[in-house]
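Here's the structure we're looking at; comments come further down.
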Amino acid sequence: MTGRESEALTKVLGARSAAPLEKLGLVSVGDLLRHYPRRYGDPGTLTDMDRLALGEHVTVMARVAHATVRTMRSRSGAMLQAVVTDGRHELALTFFAKRAGALRPHEDKLRPGRVGLFTGVVSEYRGTRQLTHPDYVLVGVDADDAEAAMFEASRPIPIYPASSSVPSWRIQRSVRTVLDPLTEADVEDPVPADVRERAGLPGRLEALRAIHVPDDQRAWQRARHRFRFEEAFVLQAALAQRRAHAAEQEATARPLRDGDASSLLADFDAALPFTLTDGQRSVGEDLARELAQARPMQRLLQGEVGSGKTVVALRAMLQVVDAGGQAALLAPTEVLAAQHARTLRTLLGPLAEGGLLGGAAHGTRVALLTGSLGAAARKEALLQAASGEAGIVVGTHALLGDQVQFADLGLVVVDEQHRFGVEQRDALRAKGRVAPHVLVMTATPIPRTVAMTVFGDLETSSLTEVPAGRAGITSHVVPAGNPRWMERTWARVREEVDKGHRAYVVCPRIHPDDDLPAAGGAAAKDFDDVPDLLELMDGGGTGSGDDRPPLRAVLEVADMLRETPALAGLDVGVLHGQMAPADKESAMARFAAGELQVLVSTTVIEVGVDVPDATVMVVFDADRFGLSQLHQLRGRVGRGAAPGLCLLVSTAQPGTPAATRVEALAETTDGFRLATLDLELRSEGDVLGAAQSGRSSSLRLLRVVQDADLIADARREASAVVEADLGLADHPELRAAIEAQLDDEQEEFLERA
Ligand code: ADP
Ligand code: MG
């Protein structure tokens, strides 16, 4: 932003008024202007002072009798007390602040004799009627005459996101100080006039006035709509630039080696124990075509849990290896990376032993690179990647490290994208001499507008069907407090194990005395144990969580299960992110092989873990998880021929939103529906992974589900603008807005998405 909006608040408001705003993250004039009201208060109706009822929202016309600032002895802080009168009745006005200085603006204005309109909720203190922190408009100060004052007082009252040190009314005053003197020349509009006209949107200054100082409800609603559009438009313009920029890059064409006897892909296909679904085949053809082009593929593959995305990706990787390049597969957890490497090696057989005795002549190698490899193994993997000996390198974010080099990186596959962002993609992309092709896969299906918003720089392919012959999955909610239901739960687990199947038991915590594993915390180095808990998102200390039983923990539950009569004689293992990598690996392997029949784990198994013999999953504290994560979790069972069973143990009281959420999950297996529901039930920032406070995200008002049409419109308009003017030379305001957002907030938002 240039012009007035980039000016510092300290300069415009003075250091004393600006300092508390800075605590809210508001530093520049633009920051403050984008600090939109959260909601609007009812201005109240003009009331006679002899009819002031307690608890009522009123507006009175009165004259200031006197006003005094006092520091309080009992509490720290200061208080301003004024008395206003209509000549017969008196009403007290009370303002509190940390320091007396903060009350000076009121003291200055509320001079004896002045007439104004005062708005607030009537309360009583020691027998006196009073308004605490009333809004007011003074005739001759805030408004020219009584009529103008009446008009001012009839406006909806903006209520700002505030804090105890900066109340809403102070923010409102500061906004007015900044906003009132602005002229059209001071304000730059990133939305071009013709776009605005087509979309029926007011200009930026008009909208700023309407959102902060609305005449009526329609005014702020219209303004809010405009700013939602602006947010979507700037983001979509940035994404369109990204797409266009990528399209201009050169990539190495990796055409399919059809009908070639020494094709790894052909051998792989021949070794596949199943036939591809129609969807896998047709998406596969799309990918094959794009890989054959000399510009980088930029594709998002999304699909239902269990739809078989991995095979599609592996086939694309083999095409690239066949064409002489290398492929990197980036997985979000060590468990998953190890599993992918194992799957690849198994399916490729001798083809994965290129250069080894007994290996196929045209074979390649599959290297595994994770953060916890021993020095020798790490060196070996690095060497294989750098020499090109390994056609396929599978790894966690360790692949992003500086020491990792490739001989000829042709394709980057990012599995279960939820945890990787644009920056990581870019870091990997930069490892190719020329831009590699990129394929990103989501863990669960996502609504169209989320795809547009979060993955808007990618083209999208979808797998909608799951392979035939799956018996599907049934889910039930189990009330945690009901011992008979819990007994039945373990009896069902036992029945499944007796049939030769396996059971997962998922808990949100590792140790019973752990704090919640915070997202991105130390334990989450590999994102292994990060439950997508609603309480974390809801801000934790809201009280609602306090009277609930503590979250169940892996180690505690494993001990309990070992003592549970129904499970007597079974081997119960544990898996969580704090275990040594070798132990994790061995727990997974033993579970897959059936040496362990019950695996108690954190959400580390959430993404992509594939043990076809696992048929039953018990999720503790299911009511505390996000819906998409639960859907992804339960996708771990019912992957083979035997039907899957998911038992959602919930402590939610019937009728609460939490209970409704778990019931919704039990009722549907449609991932798109669940993702949409998830978004509707939670705030955007949470779902999109932006900073929880929402303050640092540039998406303040935009809602990705409700604003679907608006996002689609903004995307179309923004793409057209960028197509005609790639560098945005003719749209400096838009360019500046993109830069300002991408600089800090947007990068963070995209990165954590
Ligand atoms: P997701 O899309 O959730 O990542 P996966 O790629 O892990 O799903 O595939 C789930 C399971 O389905 C794997 O065991 C995989 O081998 C198997 N699978 C994939 N494609 C098919 C198919 N066409 N027919 C039968 N099984 C398949
Ligand atoms: Mg997968």
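Just so you know, these numbers come straight off a predicted model, no measurement behind them. Counting starts at 1 for both ligands and their atoms, following the listed order. Numbering of residues begins at 1 and proceeds along the displayed sequence.
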Student check: side-chain heavy atoms of [X] and [Y] closer than 4.5 Å:
X	Y	answer
Q326	I392	no
R634	T669	yes
R624	D621	yes
H501	V616	no

Give the atoms of ligand 1, by number and element, whose distance to some non-hydrogen atom of [X] is under 4.0 Å.
X	value
T277	23 (N)
V305	3 (O)
P467	20 (N), 21 (C), 22 (C), 24 (N), 25 (C), 26 (N), 27 (C)
T310	4 (O), 5 (P), 6 (O), 7 (O)

If you measure from each non-hydrogen atom of [X] to ligand 1, which part falls under 4.0 Å: side chain, backbone, both or neither?
X	result
T275	backbone
Q280	side chain
L276	backbone

Nearest heavy atom to atom 2 (O) of ligand 1 wins, so pick from Q339, Q632, K309.
K309
How would you list, by chain and number, every residue that makes a side-chain contact (heavy atoms from CB on, under 4.5 Å) with A659, sequence neighbours excluded?
A652, T656, E663
Sorted by chain and number, sequence neighbours left out, side-chain contact (heavy atoms from CB on, under 4.5 Å) with R502 holds for F591, D613, A614
Heteroatom proximity flag, V311 to ligand 1, N/O under 3.5 Å:
no
Looking only at heavy atoms of S307, does any of them come nearer than 4.0 Å to an atom of ligand 1?
yes
So for P612, does at least one of its heavy atoms come nearer than 4.0 angstrom to any atom of ligand 1?
no
D286-S461 side chain donor-acceptor pair, cut-off 3.5 Å:
no
Distance-only, no hydrogens or angles: does the R345 side chain make a donor-acceptor pair with backbone N or O of V366 under 3.5 Å?
yes
